[in-house]
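Some notes on the structure that comes next.
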Amino acid sequence: MRILILLLLAACALAGLQTWRIGGLHDEADQAQRIIGTLSAGIESRDNAIHRLNDEAVTRERQEQSLRAQLSQAGQLARDREIHLQRLLNENQEMRDWYAAALPDGIGRMHARPAFASAADYLRWLSGGNQLPDTGKRTGH
C-alpha cells in the first residue's frame with residue numbers, strides 16, 4: 001500500500017512538473033510568436049522599401065530617357081541652325097565679311113570682364129588685387 005501511495009505521489013509530482021514545463025514552453029512559444037511577428041513586420045517594411053526604390057528607379061530611368069531625347073532634339077536643332085548660318089554665309093558676301101570682322105574695341109573689353117553671380121563674388125574678386133579692364137570711357141574733372 002505504501003508503495004502504491006508513493007507511486008501515486010511520484011505520478012502527481014511528475015504530472016505537476018510536466019504541467020510547469022508545459023506552461024514554460026507555452027510562454028516561450030508566445031515570445032517566439034511575438035518575435036516572428038516583429039520579424040515579419042520588418043521583412044514587410046523592407047519589401048515595401050525595395051518596391052518603392054524599384055519604382056523610383058524606373059521613374060528615374062524614364063526621366064533620363066526623356067532628357068536624352070530632349071538633348072538629342074536640342075543637338076539636332078543646333079546642327080540645323082549651324083547649317084542654316086553656313087548657308088547664309090555662303091550665299092552673301094556682305095554677311096561673310098561681317099561675320100569675319102573683329103569685334104569693336106568696346107565690345108571686346110566687355111567680353112574680357114569676368115562674370116559675377118553676386119556682388120559678394122565681385123568684392124572677393126576685387127579684394128584679390130584684380131582690376132577690371134579699362135572701358136575706354138574717360139571722365140573729365
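- Remark: E61 engages Q65 in a side-chain contact (heavy atoms from CB on, under 4.5 Å) (not counting sequence neighbours).
- For the side-chain contact (heavy atoms from CB on, under 4.5 Å) test, residues two or more places apart in sequence or in another chain that qualify with L39 are I35.
- With sequence neighbours excluded, the residues forming a side-chain contact (heavy atoms from CB on, under 4.5 Å) with R60 are E56, A57, Q63, listed by chain and number.
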Yes or no on side-chain hydrogen bond (donor to acceptor under 3.5 Å, both in side chains) for D80 and Q76, after CA distance, side-chain angles and deciding distance? CA-CA 6 Å; D80 292 347; Q76 185 60 44; 2.9 Å; yes
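- With hydrogens and angles disregarded, no donor-acceptor distance shorter than 3.5 Å links the side chain of S45 to the backbone of A41.
- Distance check, rounded to the nearest 0.5 Å: CD1 of I36 to CD1 of I43 gives 10.5 Å.
- In this structure, CD in E82 is found 13.5 Å from CG in L77, a value given to the nearest 0.5 Å.
- Residues passing the side-chain contact (heavy atoms from CB on, under 4.5 Å) test with A74, sequence neighbours excluded: none.
- Other members of the cluster containing L85 do not exist, because no ILVMFWY side chain is joined to it at under 4.5 Å.
- For residues 64-75, the set of pairs meeting the salt bridge (charged side-chain N to carboxylate O under 4.0 Å, His left out) definition, not counting sequence neighbours, comprises E64-R68.
- Residue pairs meeting the side chain to side chain donor-acceptor pair (under 3.5 Å) criterion with at least one member in residues 2-20: none, sequence neighbours excluded.
- Rounded to the nearest 0.5 angstrom, C12 SG and L17 CG are separated by 12.5 Å.
- By the 6.0 Å contact criterion, CD1 on I3 is open, its count of non-hydrogen atoms from other residues, nucleotides or ligands being 12 or less.
- Clustering of Ile, Leu, Val, Met, Phe, Trp and Tyr side chains at separations under 4.5 Å leaves L6 isolated, with no partner residue.
- A distance of 12.0 Å separates CG in D55 from CD1 in I50, rounded to the nearest 0.5 Å.
- With sequence neighbours excluded, no residue satisfies salt bridge (Lys or Arg N to Asp or Glu O under 4.0 Å) with E28.
- For R81, there are no salt bridge (Lys or Arg N to Asp or Glu O under 4.0 Å) partners two or more places apart in sequence or in a different chain.
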Mind listing the side-chain donor-acceptor pairs of residues 92-101 below 3.5 Å, one per line with the distance, residues two or more places apart or on another chain?
residue	atom	partner	partner atom	Å
N92	OD1	E94	N	2.9
N92	OD1	M95	N	3.2
Q93	OE1	R96	NE	3.3
Q93	OE1	R96	NH2	2.3
Q93	NE2	D97	OD1	2.8
R96	NH1	L89	O	2.7
R96	NH1	N90	O	2.8

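- Using a 4.5 Å cut-off between side-chain heavy atoms of Ile, Leu, Val, Met, Phe, Trp and Tyr, L9 falls into a hydrophobic cluster with I5.
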